[in-house]
Number of protein chains: 2
Amino acid sequence: MQKEHNLSKNQKIIFDLIDKSGGPMKAYSILFNVQKKGIKAPLQVYRALDKLVEIGKIHKIESRNAFIACQNSSCQISKATAFSICESCEDVSEISNTKLSKYLSNFADESGMKYSKYNLEFFGLCKKCKSK
Amino acid sequence: MQKEHNLSKNQKIIFDLIDKSGGPMKAYSILFNVQKKGIKAPLQVYRALDKLVEIGKIHKIESRNAFIACQNSSCQISKATAFSICESCEDVSEISNTKLSKYLSNFADESGMKYSKYNLEFFGLCKKCKSK
DNA sequence: TTATAAATGTTATATTATTACATAGTGTTA
DNA sequence: TAACACTATGTAATAATATAACATTTATAA
Ligand SMILES: [Zn+2]
Ligand SMILES: [Zn+2]
Ligand SMILES: [Zn+2]
Ligand SMILES: [Zn+2]
């Protein structure tokens with residue numbers, strides 16, 4: 001179970017927007033969408049994003065500079081993330097695969113270095129785009 | 001064996017700089033370092049970087065917006081990259097592990113989606129920083 | 001209450017990356 | 001050689017992403 005966090009006003013506005021969008025959103029697109037709710041400056045967005053990433057409610061898709069709501073609501077893997085990214089339509093989905101996450105965590109342990117986190121991004125064509 | 005590419009003048013200047021640095025370099029730091037060689041504009045740097053990434057001579061460390069010379073000179077895994085990143089000193093090294101790359105390539109095949117590429121970034125403390 | 005940490009508001013600025021357009025070199029082949 | 005296609009270069013302007021600095025407010029806890 002994920003620890004319950006009481007989101008602040010801005011954090012809630014921004015999380016709800018990302019979550020409802022169902023996909024990755026970019027910071028300045030978020031900013032544009034929440035200006036009517038009184039959030040006017042980039043920093044307000046980035047601060048909320050930072051916090052949401054920290055507590056695992058959202059993840060950053062590094063290769064896209066975009067943020068997506070965690071799709072594993074019942075788990076706590078904000079430090080072990082894997083995504084599938086379509087290079088054609090830019091659809092992103094979070095991969096939830098126990099074997100994969102165990103394999104990667106074990107791999108981390110085997111190395112000389114102690115890893116505390118990983119992020120994996122797969123690229124390709126989603127089913128829709130493949131069949132076009 | 002990797003296909004031999006004849007690098008152009010700018011590509012060679014920029015690859016040599018990154019390669020000799022032994023670590024990740026950021027685009028504007030590269031720009032600063034090559035200005036004495038006549039490369040004056042960001043675009044000249046980004047164009048060379050794009051090409052070098054495309055042919056696998058360098059890789060982009062997505063979480064750091066930085067570029068590193070491929071450390072697997074004898075192979076061709078520009079589409080299957082894995083890195084170990086120290087969160088303290090920002091040291092980066094490329095992971096070359098056959099089992100890992102096979103595992104991830106096979107994982108991709110098992111999914112509904114056909115992956116053509118992946119990038120994995122591990123984070124933690126390197127040996128040096130761990131022992132401090 | 002008093003102190004502490006967390007969150008917010010605002011302005012300015014830093015950093016990363018691309019668009020647009022003009023020119024020059026390189027290799028292929030008619 | 002000439003014509004062509006392709007790749008690379010030069011330059012200016014601008015877009016997109018992210019942070020620094022500082023003042024204030026709100027929530028939490030001792
Ligand atoms: Zn998640
Ligand atoms: Zn797609
Ligand atoms: Zn490599
Ligand atoms: Zn280190």
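The shown structure was predicted, so the numbers you read here are calculated from the model rather than taken from an experiment. Naming convention: chains lettered A, B, ... in sequence-line order (proteins, then strands); numbering from 1 in each chain.
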Base-contact (B) and sugar-phosphate-only (S) positions in nucleotides 6-18 of chain C, heavy-atom cut-off under 4.0 Å, - elsewhere: -SBBBB----BBB
Please report, rounded to the nearest Å, how far the [atom2] atom of [N] is from the [atom1] atom of [X].
X       : N      : atom1 : atom2 : result
B/Ile55 : D/dT7  : CD1   : P     : 13 Å
B/Leu49 : D/dA8  : CG    : P     : 14 Å
B/Ile13 : D/dA8  : CD1   : P     : 14 Å
A/Leu7  : D/dT26 : CG    : C1'   : 16 Å
B/Glu62 : D/dA18 : CD    : P     : 12 Å

Residues forming a ring-ring contact (aromatic ring centres under 6.0 Å, His included) with B/Tyr115, sequence neighbours excluded: A/Phe122
Mind checking whether [X] and [Y] have side chains closer than 4.5 Å, heavy atoms only?
X        : Y       : result
A/Glu90  : A/Pro24 : no
B/Asn10  : B/Val45 : no
B/Ser116 : A/Glu87 : yes
B/Tyr28  : B/Leu31 : yes
A/Ser63  : A/Ile85 : yes

